[in-house]
Amino acid sequence: FSRTLEVTGSVPRAERDYVRAVSVDNPTRAFLLAFRAALGRAGITIAGDIADIDDVAVESLGARRLLLIHESPPLRELAVRLMKVSQNLIAETLQARIGLASDVPDVDPLAAARGAYERTLAGWGVPADDLVIADGSGLSRYDFVTADALMAVLRRMAADPRDAAAFEATLPILGVDGTLERRLRGTRAEGRVRAKTGSMSNVRALAGYVTTLAGERLAFVIIANNFKVRGSTIDAVTDRALTALVAKARDADVDSR
């Protein structure tokens, strides 16, 4: 673990601060360093080095005494952080945790999690051929999903009386917060779209819900792959589509995708 961060490249000239978040290579060790520093500020001295338990042989630990049990916030709170800012580390951790909860012995946790995803989505009417799951965050180039699969998830969650509100609360709000904070701000679409972004080189996706000016609620999925223009160009086209959805109500028998 190192406290050194190398930054290369360029940033646009602007009066506002330019802020970017980065992940650490060893979250466990990073937490322990911060925890030790916090204890030190409180007058509690920790002798010796710290270590990730994954890097220490269990038999060498000797007698141990439980010092602390910490329970994470509920999933509905973790999911807000995950979705609003696309926190990939949380997504990967959740996948691993789901896999560890599997009742199948001697199965890799990540493989077990993928099986749980596939069984759940199959129960929602998503065919197995509509998705390929390689990781929990969607960063792998081996992840694939169809617009139909995403639409099925949006419909299923919107119709769920228990989880619909909690799910929608995790989605970035257009022009307000999260990864959509700076898009279409000050327009009629601001605040009327809740959606999750997905982006990497030559990939742009957006899926979620629109509330039209007429008060109608729509679900939409927009995916662009393998384009040869700037990502900002695709975002601009997507924004035009969102503006059109907000301005014009959809007929009851027309599926907007």
For Ile223 and Val145, the nearest pair of non-hydrogen atoms, with its separation, is CD1-O, 4.2 Å

Backbone N or O of Gly186 within a donor-acceptor pair of the Glu190 side chain at under 3.5 Å?
yes

Output for pair (Arg194 CZ, Arg217 CZ), nearest 0.5 Å, gives 9.0 Å

*asked:* What I'd like to find out is whether the side chain of Leu245 reaches to under 4.5 Å of the side chain of Thr212, using heavy atoms alone.
replied: no

| request: Tell me yes or no: between the side chains of Lys196 and Ser86, is some donor less than 3.5 Å from an acceptor? | output: yes

Atom CZ of residue position Arg81 - does it have more than 12 heavy atoms of other residues, nucleotides or ligands inside 6.0 Å? no

Q. Would Leu32 and Arg29 satisfy side chain to side chain contact (heavy atoms under 4.5 Å, CB included), going step by step from the backbone distance to the final call?
A. CA-CA 5 Å; Leu32 290 174; Arg29 188 168 176 81; 5.5 Å; no

Taking every heavy atom of Gln95 against every heavy atom of Asp135, the minimum-distance pair comes out as OE1-C, 3.3 Å

TODO: Establish whether Leu89 and Leu139 are linked, either directly or via other cluster members, by ILVMFWY side-chain heavy-atom contacts under 4.5 Å.
DONE: no

Separation between CG (Asp239) and CD1 (Ile234), nearest 0.5 Å, reads 11.5 Å

Next on the checklist: With a 3.5 Å distance limit and no angle check, can you tell me whether Lys84 reaches the backbone of Leu171 through a side-chain donor-acceptor pair?
Outcome noted: yes

Point to revise | Pairing of Asp163 and Arg156 as salt bridge, 4.0 angstrom limit | key: no

Requested in this report: Determine whether Ile173 and Phe167 fall in the same hydrophobic cluster, where Ile, Leu, Val, Met, Phe, Trp and Tyr are linked whenever their side-chain heavy atoms lie under 4.5 Å apart.
Outcome: no

Does Asp129 CG have over 12 foreign heavy atoms under 6.0 Å away? no

Smallest heavy-atom separation, Pro172 atom then Leu180 atom, equals O-CD1, 3.8 Å

**Q.** Expected output: side-chain Arg204 to main-chain Ser199 donor-acceptor under 3.5 Å
**A.** no

Would you call Leu174 and Arg192 a side-chain contact if the rule is heavy atoms closer than 4.5 Å?
no

| said: Hydrophobic clusters here meaning ILVMFWY residues chained together by side-chain heavy-atom distances under 4.5 Å, can you tell me if Phe31 and Ile44 are in one? | reply: yes

Indicate yes or no: at least one non-hydrogen side-chain atom of Val237 is less than 4.5 angstrom from one of Ile222. no

Worksheet item: Going only through I, L, V, M, F, W and Y residues with side-chain contacts under 4.5 Å, is there a path from Val176 to Leu213?
Response: no

Non-hydrogen side-chain atoms of Val193 and Arg183 separated by less than 4.5 Å = no

Heavy-atom nearest pair, Ala152 first then Val126, reads CB-CG2, 3.6 Å

Heavy-atom check, side chain of Thr170 versus side chain of Leu82, under 4.5 Å:
no

Rounded to the nearest 0.5 angstrom, the CE-CG distance for Met200 and Asn225 is 10.0 Å

Closest heavy-atom pair, Arg114 versus Ile133, reported as atoms and distance to 0.1 Å, is CD-O, 2.7 Å

When every non-hydrogen atom of Ser137 is compared with those of Ala91, the smallest separation belongs to CA-CB, 3.9 Å

* **Within 6.0 angstrom of Arg141 CZ, more than 12 heavy atoms from elsewhere** => yes

Closer than 3.5 angstrom, by distance alone: can the side chain of Tyr209 be matched with the main-chain N or O of Leu154 as a donor-acceptor pair? yes

Item to check | Backbone of Thr243 reached by a side-chain donor or acceptor of Arg188 within 3.5 Å | outcome: no

Are Trp124 and Val153 close enough, and set up right, to give a side chain to side chain contact (heavy atoms under 4.5 Å, CB included), and what steps lead you there? CA-CA 7 Å; Trp124 294 359; Val153 171; 4.2 Å; yes

Quiz prompt | Residues, nucleotides or ligands: over 12 heavy atoms within 6.0 Å of Ile69 CD1 | solution = no

Single-linkage hydrophobic cluster, 4.5 Å side-chain cutoff, Phe144 and Leu150 together:
no

Original post:
Under 4.5 Å between any side-chain heavy atoms of Leu242 and Leu206, yes or no?
Top reply: yes

inquiry  = With a 3.5 Å distance limit and no angle check, can you tell me whether Asn202 reaches the backbone of Phe227 through a side-chain donor-acceptor pair?
reply    = yes

